[in-house]
Undergrad: 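Before I ask anything, let me first share the structure, which is written out below as structure tokens.
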Amino acid sequence: MPVAFIFASDTIGQAQYDGLMRALGRESLDVPTPAGSLAHLSGPKPGGGWQVIDVWDSEESANAFYGSDEFSAVTSNAEAMGITTAPWPLHRIQIAEVVHQLD
């Protein structure tokens, strides 16, 4: 079953997010996506902070990536950065086209 994971923080912004993406080796849009990843969305939260939504083909695929050494840059800093995580079971996913970085 597809699932999304929502990561949110009231204390980080784009610069910190971009730093985490660099630490993950994922700063380029040309890097292959992790197995099972369907979409990665990120942007500012209303009222401040940052939010990321990762969409996966299954919870197993998500857990494989989130438990990997590659993702440890996030897990080791999540508490200090005020990052919360919430799974979101999905009923439908429809992606019309590939959209790259918007800025």
Side-chain angles (χ1 to χ4, degrees):
M1 171 191 289
V3 64
F5 282 83
I6 303 167
F7 297 86
S9 174
D10 293 335
T11 60
I12 68 171
Q14 182 176 342
Q16 292 88 353
Y17 164 80
D18 289 343
L20 285 171
M21 293 303 285
R22 273 190 302 282
L24 293 171
R26 306 205 53 75
E27 68 275 12
S28 171
L29 294 173
D30 296 327
V31 174
T33 58
S37 174
L38 300 177
H40 175 86
L41 301 89
S42 71
K45 288 177 47 184
W50 203 256
Q51 183 165 280
V52 171
I53 300 172
D54 286 340
V55 181
W56 296 90
D57 63 358
S58 69
E59 192 166 349
E60 293 77 24
S61 294
N63 289 335
F65 178 67
Y66 296 148
S68 70
D69 288 341
E70 180 181 0
F71 197 70
S72 67
V74 174
T75 54
S76 64
N77 293 305
E79 186 176 338
M81 298 179 95
I83 298 173
T84 61
T85 306
W88 177 26
L90 299 175
H91 171 69
R92 179 177 173 165
I93 301 168
Q94 183 173 356
I95 301 172
E97 62 185 88
V98 176
V99 178
H100 292 284
Q101 196 162 329
L102 299 176
D103 28 63

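Values below: all heavy atoms of this structure, side chains included; hydrogens, waters and symmetry mates excluded.
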Undergrad: What residues form a ring pair (Phe, Tyr, Trp, His ring centres under 6.0 Å) with W56, not counting sequence neighbours?
TA: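 So W56 forms a ring pair (Phe, Tyr, Trp, His ring centres under 6.0 Å) with F65, Y66.
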
Undergrad: Closest heavy-atom contact between I6 and I53?
TA: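 Scanning both residues, the minimum pair turns out to be CG1-CG1, 4.1 Å.
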
Undergrad: Determine whether V55 and F7 fall in the same hydrophobic cluster, where Ile, Leu, Val, Met, Phe, Trp and Tyr are linked whenever their side-chain heavy atoms lie under 4.5 Å apart.
TA: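 Different clusters.
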
Undergrad: Please report the closest heavy-atom contact between A23 and A73, naming both atoms and the distance.
TA: CB-CB, 3.7 Å

Undergrad: Checking one residue: V31. Which other hydrophobic residues are in its cluster under the side-chain 4.5 Å linking rule?
TA: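 Direct or chained contacts put V31 with none.
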
Undergrad: Do the non-hydrogen side-chain atoms of L20 and M81 ever get within less than 4.5 Å of each other?
TA: yes

Undergrad: Evaluate the side-chain proximity of D18 to E27: yes if any heavy-atom separation is below 4.5 Å, no if none is.
TA: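 No, side chains not in contact.
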
Undergrad: List for me each residue that meets salt bridge (Lys or Arg N to Asp or Glu O under 4.0 Å) alongside E70, sequence neighbours excluded, and say none if there are none.
TA: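 If we apply the salt bridge (Lys or Arg N to Asp or Glu O under 4.0 Å) test to E70, skipping adjacent residues, the hits are R26.
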
Undergrad: Which heavy atom of W50 sits nearest to which heavy atom of S42, and what is that distance?
TA: NE1-CB, 3.6 Å

Undergrad: List in chain and number order the residues that pass side chain to side chain donor-acceptor pair (under 3.5 Å) with D10, two or more places apart in sequence or in another chain; answer none if no residue qualifies.
TA: K45

Undergrad: Once rounded to the nearest 0.5 Å, what's the spacing between atom OG of S61 and atom CG of D54?
TA: 12.0 Å

Undergrad: Return the minimal non-hydrogen interatomic distance between L41 and A39, and the atom names on each side.
TA: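 It is CD1-CB, 4.1 Å.
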
Undergrad: Any idea which heavy atoms bring F71 and L24 closest together, and the distance?
TA: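 So the minimum-distance heavy-atom pair works out to CA-CD2, 3.5 Å.
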
Undergrad: Under 3.5 Å, sequence neighbours excluded: what are the donor-acceptor pairs made by side chains of residues 82-96?
TA:
residue: T84; atom: OG1; partner: A8; partner atom: O; Å: 3.4
residue: R92; atom: NH2; partner: Q94; partner atom: OE1; Å: 2.6

Undergrad: So, using side chain to side chain donor-acceptor pair (under 3.5 Å) as the criterion, who are the partners of S68 when residues are at least two apart?
TA: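 Testing S68 for side chain to side chain donor-acceptor pair (under 3.5 Å), a comparison that skips the adjacent residues, returns none.
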
